[in-house]
Amino acid sequence: MDERTWEHVRTVVTTIPPGYVLGYGDVARHAGLRSARVVGRILAEDGADLPWHRVLRSNGSVAEHLRHEQLERLRTEGVLADGGRVDMRRYRWEPSAPFELPGAE
DNA sequence: CGAATGACTCCAG
DNA sequence: CCTGGAGCCATTC
């Protein structure tokens with residue numbers, strides 16, 4: 001793994017504004033990666049000082065061992081999870097359209 | 001080098 | 001909408 005790759009991932013994750021989230025796959029794309037698993041691995045090892053809680057699965061669920069902490073952190077930012085599941089359609093952050101009205105499906 | 005593992009994703013049923 | 005099963009990528013044994 002190149003150092004640059006890690007930097008890219010860190011940059012993307014840090015860029016996600018509070019109140020919004022991204023999927024591992026999304027972060028992978030923005031960072032120029034092709035695998036979401038790699039993003040997960042990087043966050044697992046180097047995500048301690050990053051807003052890693054703003055990254056979740058594409059379906060809005062999160063890994064079991066992180067479920068509690070992650071959902072709690074998101075909740076403090078206004079991202080509410082229903083049934084242990086976050087509404088990606090509502091909170092998903094798109095760099096090109098961050099001004100989409102919340103709740104406006 | 002092959003097999004197992006994990007903060008994942010997609011497709012079928 | 002929920003479950004399984006297969007695919008994927010990099011790392012570790």
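Note that the structure is predicted; figures quoted are calculated from it, not measured. We name chains A, B, ... by the order of the sequence lines, and we start the count at 1 in each one.
One interatomic measurement links the two molecules: CZ of A/Arg54 to C1' of B/dA7, which rounds to 17 Å at whole-angstrom precision. Atom NE2 in A/His65 sits roughly 4 Å away from atom P in B/dA7 (whole-Å rounding). Across the protein-nucleic acid pair, A/Tyr24 atom OH and B/dA7 atom C1' stand 4 Å apart, rounded to whole Å.
A/Leu56 and A/Ser61 make their closest contact through CB-O, 3.8 Å (heavy atoms, listed as atom of the first residue, atom of the second, distance). The minimum heavy-atom distance between A/Ile42 and A/Met1, with the atom names listed, is CD1-CE, 3.6 Å. A pairwise comparison of heavy atoms in A/Trp52 and A/Gln70 identifies O-NE2, 3.7 Å as the closest pair.
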Each nucleotide N or O in nucleotides 10-13 of chain C that has a protein N or O under 3.5 Å away: list the pair and distance.
unit_1, atom_1, unit_2, atom_2, d
C/dT11, OP1, A/Met1, N, 3.3

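Checking B/dT9, C/dC9, B/dA7 against every side-chain atom of A/Ser35, the shortest atom distance belongs to C/dC9. With B/dA7, B/dT9, C/dC2 as the candidates, the nucleotide lying closest to the side chain of A/Arg85 is C/dC2.
Under the 4.5 Å side-chain criterion, counting only non-hydrogen atoms from C-beta, A/Val62 is not in contact with A/Arg85. No side-chain heavy atom of A/Val79 sits under 4.5 Å from any side-chain heavy atom of A/Tyr20.
Comparing A/Ala48 and A/Arg29 by the nucleotide of DNA chain B whose heavy atom lies nearest to each, the residue mapping closer to the 5' end is A/Ala48.
For A/Arg4, the side chain to side chain donor-acceptor pair (under 3.5 Å) partners are A/Asp2, not counting sequence neighbours.
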